[in-house]
Amino acid sequence: TTTSQFLEAQKPRSMAAAWIDGGVPRWVTLVDEVLFVVASAAFIKGSLDFFPGVPLQSYIEGINLFFAGSAVYTVLAVFAAYEIVEDAKLSGREAPPAKLV
C-alpha cells in the first residue's frame, strides 16, 4: 500500500461520507444544517410573539411557530444522536455517552 492509501484508511469514517460514497448528492447531507437555521428562525419569531401587547392573531401564530421550531429541533436532535452512533460504528468505536446527552 502507498502512504496515501494508509493515511486514507486511518481517517475516521462518517455517515455523511458513506452516503456520499454511495451516490447521495453532497447537498442532501447538508439538509439538517439548513433545517437548524429554519427551526431557529421559527423559534425566535415565535418567541417574539409572546411579548405583552401583541395582537391575538400574532400570539397564536407565535405559538404555532414556537411549537414547529421546537418539533424540528427535537427531530434534528434525534437524527444527530443517530448520526453519532452510526459514525462510531463506521469507525469501529463505541459511541461516547457524553456526545449523546
Side-chain angles (χ1 to χ4, degrees):
T1 63
T2 66
T3 303
S4 62
Q5 289 172 330
F6 173 78
L7 291 174
E8 187 66 31
Q10 300 306 310
K11 284 186 189 175
R13 295 287 299 156
S14 70
M15 189 174 80
W19 284 6
I20 292 167
D21 292 346
V24 174
R26 183 177 296 275
W27 66 266
V28 172
T29 63
L30 300 176
V31 169
D32 63 330
E33 308 304 331
V34 172
L35 287 175
F36 267 115
V37 173
V38 170
S40 296
F43 189 85
I44 291 170
K45 170 66 172 104
S47 296
L48 293 175
D49 287 336
F50 283 104
F51 281 117
V54 173
L56 179 62
Q57 185 61 34
S58 293
Y59 181 77
I60 292 171
E61 178 184 305
I63 291 171
N64 291 331
L65 286 170
F66 183 84
F67 281 130
S70 297
V72 174
Y73 272 139
T74 301
V75 170
L76 290 171
V78 169
F79 178 74
Y82 171 74
E83 191 173 18
I84 289 168
V85 170
E86 287 301 309
D87 287 350
K89 284 181 189 176
L90 287 170
S91 295
R93 299 184 183 115
E94 193 171 315
K99 285 190 174 183
L100 296 173
V101 177

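On a predicted model such as this, the values are computed, not experimentally measured, just so you know. FYI, the numbering just counts along the sequence from 1.
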Are Leu76 and Trp27 joined in one hydrophobic group, where the rule is that I, L, V, M, F, W and Y side chains link up if heavy atoms are under 4.5 Å apart? yes

Linking I/L/V/M/F/W/Y whenever any side-chain heavy atoms sit under 4.5 Å apart, do Val31 and Phe36 land together? yes

Heavy-atom pair of closest approach, residues Ala18 and Leu90: CB-CD1, 4.1 Å

Kindly compute the distance separating CZ (Phe67) from CZ (Phe43), expressed to the nearest 0.5 Å. 10.5 Å

With rounding to the nearest 0.5 Å, note down the distance linking CG in Leu65 to CD1 in Ile44. 11.5 Å

Nearest heavy-atom approach of Leu48 to Val54 is O-CG2, 4.2 Å

Minimum-distance pair of heavy atoms, taken over all atoms of Tyr73 and Ser40: OH-OG, 2.7 Å

So which pairs with a foot in residues 29-44 pass salt bridge (Lys or Arg N to Asp or Glu O under 4.0 Å), sequence neighbours left out? none

Report yes or no: do Val75 and Val72 belong to one cluster of Ile/Leu/Val/Met/Phe/Trp/Tyr joined by side chain heavy-atom distances under 4.5 Å? no

Tyr82: what forms a side-chain contact (heavy atoms from CB on, under 4.5 Å) with it, not counting sequence neighbours? Met15, Phe79, Glu86

One should read off an interatomic distance between Gln57 CD and Ile60 CD1, to the nearest 0.5 angstrom, of 5.5 Å

Run through the side-chain heavy atoms of Ile, Leu, Val, Met, Phe, Trp and Tyr, join any pair under 4.5 Å, and report what else lands in Val38's cluster. Val34

